[in-house]
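One-based numbering along the sequence shown. Just follow the structure's listing: the first ligand is 1, and inside any ligand the first atom is 1.
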Amino acid sequence: MDTTLHLSCLLRLLLAVTVSQTFLICDDLDSFEESWSEITEVDSTLVERLGQRLLPWMDRLSPEQLNPSIYVGLRLSSLQAGAKEAHYLHSLKLSYQQSLLSNDNSDSEAKPSMGQLALYLLALRANCEFVGGRKGGRLVSQLKRFLEDEKGAIGHNHQGHPHTSYYQYGLGILALCVHQKRVHDSVVGKLLYAVEYEQHLQQDHFPVDTLAMAGLAFSCLELSNLNPNQRNRITVALGRVQEKILKAQTPEGHFGNVYSTPLALQLLMASLRPTVELGTACLKAKAALLASLQHKAFQNPLMISQLLPILNQKSYVDLISPDCQAPRVLLEPATETPSQTQVPELIHVTLKVSSIFPSYRHSVSVPVGSSLEDVLKKAQEHSRFRYGTQASLSGPYLTSVMGKKAGEREFWQLLRAPDTPLLQGIADYRPRDGEAIELRLVGW
Ligand code: B12
């Protein structure tokens, strides 16, 4: 088949899908369908394997491990988990309602954050439910209050920062929007300002994930017309977000990095203004993602949950009116390949901490395939090294090292020495033999 035709057909299909047009605009229909099905076929096996990785997480029903993002990702995908799925939503409802609606403030640390409440509301919408009733109303009020508090923290002159992040601020607005709940113009205004005057706010630059989340919130507001007074600003900001994300495309095709590409694609594919440039960039990103999938880059359930929707041409904006009747393939648990019982080969990893005095440096040996978390555990057992973590939707988050807790707007950054920040957390990153890992306390 002529490759030029092949590509241009794919491109045009992508544009057609992007603007949700049902008619096909390719002259050579046969070759077009052939080439598209070739791609979706590859996708469907890969997609199924991704979905299978979520299944074990759906058996973890303790409040600490429940993850509304997993439910959202699955419902916006081409896959379903049968009875497990309904049971998971039920557990989410019990857990979130109990902790959010109880008046007991003694254990405030266990309460879901603004972003987690927002994800829970997205999960309800993914099941075609609108928050309603007295309990639902209280959840909506809580999310609105969270946003108002954050608006206060940003301040009149925009000199402050949200207590959480602009990512969670965008997520909060998006969740209320898909439930057709209006937030005050001034709340939307803070996010608009942040995108309009990003450099001026000395935020260096927003990471692509944050831009994409803000963009998804703006897209929802634009489509739902919930803040008509801000309509022009929203439209301009969306154009700006789109432009910045396109500029952040790497030579391999990712927007930002491999893990921000799913959300970036969600935003770009929800765009109401497709252009040829956009179509080409999306195709390139999709190809880069498929290559990363072959290299097993997506193991983390949160990352998989952000990726699955785009492999089904969906985005969080589709939660405005989700299609709960769409046929989805039932996931079967993956068949396990028996592991060979061999004495595991050992690797040596050096652990460094220079943000404390006296600094720390120690070499640890662990079995090949161990995670960075295994390295930290081993170092803690065999040396003066100490660390602490906190559960999050992305897995264990490193909160303290050698008794030093990261303060407000600080974090313990993970780096491959000398200076390469890791793209995965302690539970997912698997160091290679001879690698040196540094834990560095930095501001953000
Ligand atoms: C904001 C943010 C941060 C902030 C978090 C502080 C804050 N108060 O918000 C800062 C800048 C500190 C940060 C740090 C890191 N981050 Co970050 N972060 C995000 C972002 C943009 C949003 C997270 C969020 O609010 N989610 C919504 C809420 C509701 O979920 P949550 O679980 O309650 O949120 C908490 C956790 O996400 C946690 N957190 C943030 N990042 C990470 C990363 C990991 C691996 C873990 C376990 C937890 C964690 O902080 C959130 C607030 O408490 C995501 C983007 C995304 N696509 O998800 C990236 C993202 C999750 N981070 C990522 C990474 C790699 C990191 C670091 C490991 C980078 C590094 N080299 O050190 C560190 C974490 C190191 C550690 N100490 O364990 C990757 C994870 C990829 C993956 N394979 O899983 C993402 C997807 C960004 C990306 N595209 O690369 N991050």
Side-chain angles (χ1 to χ4, degrees), residues 64-70 72-73 96 109-123 143 146 150 153 161-172 174-175 203-204 206-214 216 245 248 250 254-267 292 296-307 316 355 371-373 376 387-401 404-417 419-430 437-444:
E64 268 208 344
Q65 291 193 306
L66 278 169
N67 189 337
S69 183
I70 291 184
V72 176
Y96 273 74
E109 278 217 352
K111 287 216 184 239
S113 62
M114 172 169 80
Q116 289 167 355
L117 169 56
L119 282 170
Y120 170 64
L121 294 188
L122 291 186
L143 186 46
F146 268 134
E150 291 293 52
H161 304 280
H163 297 298
T164 58
S165 59
Y166 276 106
Y167 180 94
Q168 291 199 31
Y169 196 86
L171 193 55
L174 172 69
Q203 271 149 350
D204 207 353
F206 272 180
V208 166
D209 317 66
T210 304
L211 274 174
M213 190 50 82
L216 287 165
I245 290 182
T250 64
H254 294 126
F255 296 114
N257 66 34
V258 53
Y259 298 113
S260 41
T261 304
L263 278 185
L265 272 172
Q266 282 201 35
L267 181 263
S292 312
K296 301 199 166 60
F298 284 80
Q299 302 291 332
N300 183 290
L302 184 101
M303 285 296 104
I304 295 175
S305 75
Q306 295 182 353
L307 172 65
Y316 293 159
S355 316
S371 67
L372 177 53
E373 194 176 14
L376 302 187
Y387 76 103
T389 60
Q390 190 184 315
S392 80
L393 303 184
S394 291
Y397 178 71
L398 186 67
T399 48
S400 73
V401 173
K404 177 120 185 75
K405 273 194 166 195
E408 214 181 306
R409 297 195 65 77
E410 273 184 351
F411 75 108
W412 279 102
Q413 189 180 33
L414 319 176
L415 301 113
R416 197 177 64 231
D419 234 6
T420 311
L422 302 185
L423 295 182
Q424 290 173 305
I426 56 168
D428 295 337
Y429 186 73
R430 291 173 200 284
I437 298 291
E438 183 177 346
L439 310 177
R440 191 185 291 167
L441 189 61
V442 297
W444 65 280

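The nearest protein atom to atom 35 (C) of ligand 1, hydrogens excluded, is given as Ser392 CB, 4.1 Å; this is a heavy-atom distance. The protein heavy-atom contact nearest to atom 32 (O) of ligand 1 is Leu393 N, 2.8 Å. Scanning the protein for heavy atoms near atom 74 (C) of ligand 1, the closest one is Tyr397 CE1, 3.7 Å. Looking from atom 33 (O) of ligand 1 to the surrounding protein, the closest heavy atom is Gln116 NE2, 2.7 Å. Summary of contacts: the protein heavy atom closest to atom 7 (C) of ligand 1 is Trp444 CZ2, 3.5 Å. Annotation: atom 61 (C) of ligand 1 to nearest protein heavy atom, Ser394 OG, 3.9 Å.
Not a single protein heavy atom sits closer than 4.0 Å to atom 59 (C) of ligand 1. Note that atom 54 (C) of ligand 1 has no protein non-hydrogen atoms nearby, at separations under 4.0 angstrom. At a distance under 4.0 Å, no protein heavy atom can be found next to atom 91 (N) of ligand 1. Atom 41 (N) of ligand 1 is never approached by the protein to below 4.0 angstrom, counting heavy atoms only. There is a protein heavy atom less than 4.0 angstrom from atom 83 (N) of ligand 1. By the definition of a contact as any protein heavy atom under 4.0 Å away, atom 30 (O) of ligand 1 is in contact. Atom 64 (C) of ligand 1 is not flagged as protein-proximal [any protein heavy atom, distance under 4.0 Å]. Protein non-hydrogen atoms do not reach within 4.0 Å of atom 2 (C) of ligand 1.
A search for side-chain hydrogen bond (donor to acceptor under 3.5 Å, both in side chains) contacts involving Ser165 returns nothing, not counting sequence neighbours.
Between Leu393 and Leu302, the closest heavy-atom pair is O-CB, 3.6 Å. In this structure, Ile245 and Phe255 approach most closely via the heavy-atom pair O-CD2, 3.3 Å. When all heavy atoms of Ala427 and Ser371 are compared, the closest pair comes out as O-CB, 3.5 Å.
For the residues Tyr429, Phe411, Phe206, the heavy atom positioned nearest atom 73 (C) of ligand 1 is part of Phe411. When Arg409, Gln168, His161, Met303 are ranked by how near their heavy atoms come to atom 25 (O) of ligand 1, first place goes to Gln168.
Distances between N or O atoms of Gln424 and those of ligand 1 include no value under 3.5 Å. Checked by distance only, ligand 1 and Asn257 come closer than 3.5 Å through their nitrogen or oxygen atoms. Considering backbone and side-chain atoms together, Leu414 places an N or O closer than 3.5 Å to an N or O of ligand 1. Remark: ligand 1 and Asp209 share an N or O pair separated by less than 3.5 Å (distance only, no angle test). By the 3.5 Å distance cut-off applied to N or O atoms, Asp428 is not counted among the residues near ligand 1. Looking at ligand 1, you won't find any N or O of Pro207 less than 3.5 Å from one of its N or O atoms. Checking only distances, Leu171 never comes within under 3.5 Å of ligand 1, N or O to N or O. Considering backbone and side-chain atoms alike, Leu422 places an N or O below 3.5 Å from some N or O of ligand 1. Any N or O atom pair closer than 3.5 Å counts here, and Gln413 shares no such pair with ligand 1.
Between the side chain of Arg416 and the backbone N or O of Ile437, no donor-acceptor pair lies under 3.5 Å. Not one N or O on the side chain of Ser355 forms a donor-acceptor pair closer than 3.5 Å with the backbone of Val442. Although no hydrogens or angles enter the test, the distance criterion places no donor-acceptor pair under 3.5 Å between the side chain of Gln306 and the main chain of Gly73. Side-chain N or O atoms of Ser69 include none that pairs as donor or acceptor with a backbone N or O of Ser305 at under 3.5 Å.
Atoms of ligand 1 found under 4.0 Å from any heavy atom of Gly115 (numbered from 1 in listed order, with element): 29 (C). Taking a cut-off of under 4.0 Å to the non-hydrogen atoms of Leu302, the atoms of ligand 1 that pass are 58 (O). Remark: ligand 1 atoms within the under-4.0 Å shell around heavy atoms of Gly395 are 47 (C). When each atom of ligand 1 is checked for a heavy atom of Gly425 under 4.0 Å away, the hits are 45 (C). Close approach of ligand 1 to Pro396 (heavy-atom distance below 4.0 Å) involves ligand atoms 47 (C). Close approach to Trp412 involves these atoms of ligand 1, each under 4.0 Å from a residue heavy atom: 75 (C), 76 (C), 77 (N).
The closest approach between a heavy atom of Leu423 and any atom of ligand 1 is below 4.0 Å. Contact analysis leaves Val208 out of contact with ligand 1, as no non-hydrogen atom separation drops below 4.0 angstrom.
Met303 is not listed as a side-chain neighbour of Pro262, based on a closest heavy-atom distance of 4.5 Å or more.
Atom CD of Gln65 has more than 12 neighbouring heavy atoms from other residues, nucleotides or ligands inside a 6.0 Å radius.
With a 4.0 Å cut-off on non-hydrogen atoms, Tyr167 touches ligand 1 through its side chain and not its backbone. At a 4.0 Å heavy-atom cut-off, ligand 1 touches Leu263 through the side chain alone. Contact annotation: for Thr164 versus ligand 1, heavy atoms closer than 4.0 Å belong to the backbone alone. The side chain of Gln306, and not its backbone, has at least one atom closer than 4.0 Å to an atom of ligand 1 (non-hydrogen atoms only; side chain from C-beta on). Contact annotation: for Leu398 versus ligand 1, heavy atoms closer than 4.0 Å belong to both the backbone and the side chain.
Between Tyr166 and Phe206, the ring-plane angle classifies as tilted under the 30° and 60° cut-offs.
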| task | For Tyr169 and Met213, run side chain to side chain contact (heavy atoms under 4.5 Å, CB included): C-alpha distance rounded to whole Å, both residues' side-chain angles, the deciding distance at 0.1 Å, then the answer. | result | CA-CA 9 Å; Tyr169 196 86; Met213 190 50 82; over 6 Å; no
| query | Are Leu171 and Leu122 close enough, and set up right, to give a side chain to side chain contact (heavy atoms under 4.5 Å, CB included), and what steps lead you there? | reply | CA-CA 9 Å; Leu171 193 55; Leu122 291 186; 4.1 Å; yes
